[in-house]
Amino acid sequence: MTDKIRVLLTEEEVNARISEIASMINEDYAGRQVHLICILKGGVFFTCELAKRLTIPVSLDFMSVSSYGSGTKSSGVVKIIKDLDEPLEGKEVIIVEDIIDSGRTLAYLMEILKQRNPRSIELCTLLDKPERRVKKQVQVKYTCFTIPDEFVVGYGLDYDQKYRNLPYIGVVEQ
């Protein structure tokens, strides 16, 4: 590792908060099954840790979407790279994200998925940057941490495909 990374949230803080969010979901969906949709690639670490802590029945699917071209700025055009394997009709769906900032991609994704007739659809994120939110209609039901507008890595979040495997959330410092 050549970049300097400052710890923003420790592994212990992240694990404790995921357990708290899982308890909320277990309570909210008691007696029902939830269908988690993991948004790849970044969401996989959080989704797996969350699913391990759920005591209600869980099914799981994966989706990969992108609103970035070759640069680091959003192109505004959302492209589905990997679609779901299972239909959503009648399911209690929770979309699981690593981080939500502008909300552009999720606003588009929510509209697409609502057309597939799930019973309900909610958002769950490890990290939220509400000050960057452009799409105000994106409402997150389950948020582990609200963070400042800094570039973060770890727990699935990457910097040029590096640092996803860090067990904590860190800030890349210049």
What is the minimum heavy-atom distance between Gln139 and Leu123, and which atoms define it? O-CD1, 3.6 Å
Glu27, CD: over 12 other non-hydrogen atoms inside 6.0 angstrom: no
4.5 Å side-chain heavy-atom contact, Cys144 and Val14: no
Same cluster (ILVMFWY, side-chain, under 4.5 Å), Phe145 and Phe45: yes
Using the ring of each side chain (for Trp, its six-membered ring), is Phe151 parallel, tilted or perpendicular to Tyr159, with breaks at 30° and 60°? perpendicular
Do Tyr155 and Val153 have side chains that get closer than 4.5 Å, going by heavy atoms? no
Answer whether the closest heavy-atom distance between the side chains of Asp128 and Ile147 falls below 4.5 Å. no
Does any N or O in the side chain of Thr10 come within less than 3.5 Å of the main-chain N or O of Glu13, such that one atom is a donor and the other an acceptor? yes
Taking the side chain as every heavy atom from C-beta outward, state whether Tyr163 and Ile5 have any pair of such atoms under 4.5 Å apart. yes
Find the distance between OG (Ser64) and CG (Leu84) and round it off to the nearest 0.5 Å. 11.0 Å
Any donor-acceptor pair under 3.5 Å from Thr125 side chain to Leu127 backbone: yes
Assigning hydrophobic clusters by single linkage (Ile, Leu, Val, Met, Phe, Trp, Tyr; side-chain heavy-atom cutoff under 4.5 Å), is Val7 placed with Ile99? no
Between Cys124 and Phe46, is there a side-chain heavy-atom distance shorter than 4.5 Å? yes
Using modelled atom types only, decide if a donor and an acceptor are shared between the side chain of Glu111 and the backbone of Tyr108 within a distance under 3.5 Å. no
Side chains of residues 86-94: which donor-acceptor pairs under 3.5 Å do they make with residues two or more places apart or in other chains?
from, atom 1, to, atom 2, distance (Å)
Lys91, NZ, Pro87, O, 3.0
Glu92, OE1, Ser120, OG, 2.5
Glu92, OE2, Arg32, NH1, 3.0

Do Leu166 and Ile18 sit in one hydrophobic cluster, given that two such residues count as connected whenever their side-chain heavy atoms are within less than 4.5 Å of each other, even indirectly? no
Between Glu122 and Tyr29, the two heavy atoms sitting closest are CG-OH, 3.5 Å
Are any of the side-chain nitrogens in Arg6 or Glu150 under 4.0 Å away from the carboxylate oxygens of its partner? yes
For residues 49-58, which side-chain N or O atoms pair as donor and acceptor with protein atoms under 3.5 Å away, sequence neighbours left out?
from, atom 1, to, atom 2, distance (Å)
Glu49, OE1, Lys52, NZ, 3.4
Glu49, OE1, Arg53, NH1, 2.9
Glu49, OE2, Lys52, NZ, 3.0
Arg53, NE, Ser19, OG, 2.9
Arg53, NH1, Glu49, O, 2.9
Arg53, NH2, Asn15, OD1, 3.4
Thr55, OG1, Asn26, OD1, 3.4
Thr55, OG1, Asn26, ND2, 3.4

Just wondering, more than 12 heavy atoms not from Arg116 lying within 6.0 Å of its CZ? yes
Residue pair Ile95 / Leu106, side-chain heavy-atom distance below 4.5 Å: yes
Could you check whether atom NZ of Lys41 has more than 12 heavy atoms from other residues, nucleotides or ligands sitting under 6.0 Å from it? no
Do the side chains of Asp61 and Leu36 get nearer than 4.5 Å, heavy atoms only? no
Taking all heavy atoms of Ile121 and all of Pro118, pick out the closest pair and write down the distance. CB-CG, 4.3 Å
Return the minimal non-hydrogen interatomic distance between Arg164 and Gly156, and the atom names on each side. NH1-O, 2.6 Å
Give the minimum heavy-atom separation between Asp160 and Asp158, together with the two atoms involved. N-OD2, 3.6 Å
Tyr142 and Asp28 side chains, donor-acceptor separation under 3.5 Å: yes
Can you tell me if Arg17 uses its side chain to pair, donor with acceptor, with the backbone of Glu12 under 3.5 Å? no
Are Phe62 and Val96 joined in one hydrophobic group, where the rule is that I, L, V, M, F, W and Y side chains link up if heavy atoms are under 4.5 Å apart? yes
Which is it for Met63 and Ile80 under the side chain to side chain contact (heavy atoms under 4.5 Å, CB included) test, yes or no, and what are the steps along the way? CA-CA 8 Å; Met63 190 168 211; Ile80 296 176; 4.0 Å; yes
Does any non-hydrogen side-chain atom of Leu113 lie less than 4.5 Å from one of Ile37? yes
Same hydrophobic cluster for Leu157 and Ile100, using side-chain heavy-atom links shorter than 4.5 Å among ILVMFWY? no
For Leu109 and Ile39: C-alpha separation, side-chain torsions, deciding distance, then whether side chain to side chain contact (heavy atoms under 4.5 Å, CB included) applies. CA-CA 10 Å; Leu109 189 58; Ile39 306 301; 3.6 Å; yes
Check this for me: does any side-chain nitrogen of one of Lys82 and Asp85 sit under 4.0 Å from a carboxylate oxygen of the other? yes
